[in-house]
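Each chain gets a letter, A, B and so on, in the order the sequences are listed, and its residues count up from 1.
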There are 4 protein chains.
Amino acid sequence: MSVNKVILVGNVGKDPEVKYLDRNVAVANFPLATTERGYKTSTGIEVPERTEWHNIVLWRGLAETAEKYVKKGSQLYIEGKLQTRSWEKDGVKRYTTEIVADVMQFLGKRADSGQDNGTVSNSQETPAAQNSFEAPASDDSADDLPF
Amino acid sequence: MSVNKVILVGNVGKDPEVKYLDRNVAVANFPLATTERGYKTSTGIEVPERTEWHNIVLWRGLAETAEKYVKKGSQLYIEGKLQTRSWEKDGVKRYTTEIVADVMQFLGKRADSGQDNGTVSNSQETPAAQNSFEAPASDDSADDLPF
Amino acid sequence: MSVNKVILVGNVGKDPEVKYLDRNVAVANFPLATTERGYKTSTGIEVPERTEWHNIVLWRGLAETAEKYVKKGSQLYIEGKLQTRSWEKDGVKRYTTEIVADVMQFLGKRADSGQDNGTVSNSQETPAAQNSFEAPASDDSADDLPF
Amino acid sequence: MSVNKVILVGNVGKDPEVKYLDRNVAVANFPLATTERGYKTSTGIEVPERTEWHNIVLWRGLAETAEKYVKKGSQLYIEGKLQTRSWEKDGVKRYTTEIVADVMQFLGKRADSGQDNGTVSNSQETPAAQNSFEAPASDDSADDLPF
DNA sequence: TTTT
DNA sequence: TTTT
């Protein structure tokens, strides 16, 4: 009964920090900037450009891809969900909102991503494969459906 | 290097048609309506309400869920991708655009969906599981309102 | 060069708080919950259900609509953007991430929203009107099911 | 009570065709390709790469921007809605599904778009302006809200 | 008909 | 802290 989805296109603020946890599970973090253009209202008021910084978190395969290919300045498409974590500092409870990514796309001209195609996701196979587990994909090809 | 995503909230036009293909792979089809309110332009012209019909296609587990729980009139959230198929009729090539769903959500009051939660997806586990890490989520549980 | 978009479907945690600022500009705030189902990993670990709370902010017309029709428990579709504000408490800088909504949809059975259709947006006319062309839409009306 | 949203990132297949209708209203059309990577299933079957072609339609200001800056090969982010039109050819009714865009973003390195920032939308001002009609934006700056 |  |  619920949907929690974030879609961002922006630029990476610094190289990812990657950690390896138990069982060698990788986690990566980096900031992503989205910038809204400034404009002038109909009443002549200047609204300045505004940059928003987003904390991106990636797990496992996506984190490993980020470690290899994401750099400060990279332009990315990110799809994920919002998650707020709490932590303590000096006895004060604080909250951080992060975007936990499921899909990461490299945009713009191929840099050195080494991917045939810029798409990566955290499903076991490619995103397309989310609809074709266990049985061969040829069986569920929509192209030969007789209707 | 690409994204193909559709997000719909609408009402089902008729009960799903479900077929079982080779290896018992299920496919379901049904029409989903989205309706844009009519309005009046600043120049006083009436733009009527407009209903758009979308061909929804679901595979495997999602198709089986649709068979059981989706009915004419159901309100659904659908996330998927656009796909255009071609077919011939009377020697004329024709095209049909469909939304192949990855995520289907039952909205509104719980009917008899039998799901604890109305969300279903075509990944092997739940959507959350796409990032599943074996570590407990309890430490950063946001179950208590942080504001 | 950037995109900052959030899409949520969830339930309102408490009645909106609405303030009127200078020039009678309305702002509304309320928490929205999204819940991810719990599941069991392939290695047998139980991942519990997880509720995420989102701070929704609405301005002007949307805030006034929220004041009238949004209640604790309402099921809503929200589309907006992420925005992080900073503020100080006890000399400590703190951050809050909010979703500033452009589109709010009432889901589920019609309560008493008083709208012909549950959609509301902050554009001057309806969302459809963003592309409003003064020509009639009747020629390409898709009101009859094309399949 | 409904949502009809499409989000695409892809490459333009040919230069836009632009027409000017009554009252000088511009309409632009072009094909946009999204490509899903091929992959191998767990049972060893090769699923080939698949390209999907989308018919993009833009009105007014967006059409004029497309006329100036969109070229064959351009990488774009498109946000819009699905719309199916019917037309007749040789006495046979046929249907075409199009994406009517509200938002168009130029991705990748700046070519010669001439925009300070690649974002364009069909609202009267910039997307940000959708939340600030009539009154100055300074009044509704979230930054000085005392809550 | 694009892109990798 | 990015990008334009």
Side-chain angles (χ1 to χ4, degrees), chain A residues 8-17 29-39 48-56 66 69-78 99 105-120 126-128, chain B residues 1-4 82 84 86 95, chain C residues 1-4 82 84 86 95, chain D residues 8-17 29-39 48-56 66 69-78 96 98-99 105-120 126-128:
Chain A
L8 302 172
V9 173
N11 294 285
V12 173
K14 29 182 186 170
D15 288 358
E17 285 174 26
N29 292 270
F30 58 83
L32 187 82
T34 57
T35 303
E36 253 182 295
R37 255 203 305 181
Y39 58 95
E49 177 181 288
R50 180 187 167 106
T51 294
E52 203 61 40
W53 286 96
H54 309 275
N55 303 304
I56 309 298
Y69 305 119
V70 172
K71 305 284 173 231
K72 179 174 170 169
S74 300
Q75 189 185 29
L76 297 181
Y77 169 93
I78 289 286
I99 289 92
Q105 281 272 20
F106 293 88
L107 299 177
K109 292 293 162 233
R110 177 74 59 267
D112 58 332
S113 91
Q115 306 281 130
D116 280 351
N117 165 305
T119 315
V120 275
T126 71
Chain B
M1 298 283 288
S2 56
V3 174
N4 174 357
L82 284 166
T84 298
S86 64
Y95 296 89
Chain C
M1 298 283 288
S2 56
V3 174
N4 174 357
L82 284 167
T84 298
S86 64
Y95 297 89
Chain D
L8 302 172
V9 174
N11 294 284
V12 173
K14 27 181 186 170
D15 287 359
E17 285 173 26
N29 291 270
F30 57 82
L32 187 84
T34 57
T35 303
E36 255 182 294
R37 255 204 304 180
Y39 58 95
E49 177 182 288
R50 181 186 166 105
T51 294
E52 204 60 41
W53 286 96
H54 310 275
N55 304 305
I56 309 298
Y69 305 118
V70 172
K71 305 284 174 230
K72 178 174 171 171
S74 300
Q75 188 185 30
L76 296 181
Y77 170 92
I78 289 286
T96 301
E98 297 169 319
I99 288 92
Q105 283 269 21
F106 293 88
L107 299 176
K109 292 291 160 238
R110 177 73 58 266
D112 57 334
S113 90
Q115 305 282 130
D116 281 351
N117 166 304
T119 315
V120 275
T126 70

Go through the structure and list residues passing side chain to side chain contact (heavy atoms under 4.5 Å, CB included) with D/P31, not counting sequence neighbours.
D/K14, D/W53
Separation of F/dT4 C1' from D/F106 CZ (nearest whole Å)
14 Å
Taking the minimum atom-to-atom distance to the side chain of A/N11, which one of F/dT3, E/dT1, E/dT4 wins?
F/dT3
Least distance between heavy atoms, D/V70 atom then D/P16 atom:
O-CD, 3.2 Å
Testing E/dT3, F/dT1, F/dT2 for proximity to the side chain of A/K14, the answer is F/dT1
Rounded to the Å, how far apart are A/E52 CD and F/dT4 P?
19 Å
Provide, to the nearest angstrom, the distance between the OH atom belonging to D/Y77 and the P atom belonging to F/dT3.
21 Å
Minimum-distance nucleotide (side-chain atoms of A/P31 versus E/dT2, F/dT1, F/dT2)
F/dT1
Distance, rounded to the nearest Å, where A/Q75 contributes CD and F/dT2 contributes C1'
11 Å
Could you work out, with side chain to side chain contact (heavy atoms under 4.5 Å, CB included) as the rule, every residue matching A/N11, not counting sequence neighbours?
A/Q75
When the distance from CZ of A/F30 to P of F/dT2 is rounded to whole Å, what number comes out?
15 Å
Nearest-Å distance for atom pair CG/P, residues D/L107 and F/dT4
12 Å
When you measure only distances, ignoring hydrogens and angles, does the side chain of D/T51 come within 3.5 Å of the base of E/dT3 through a donor and an acceptor?
no
Tell me the interatomic distance from D/H54, atom NE2, to E/dT1, atom P, rounded to whole angstroms.
18 Å
D/D15 to D/K72 - nearest heavy-atom pair and separation:
OD1-N, 2.7 Å
Is there a stack between A/W53 and F/dT2, judged by ring centres under 5.5 Å and planes under 30°?
no
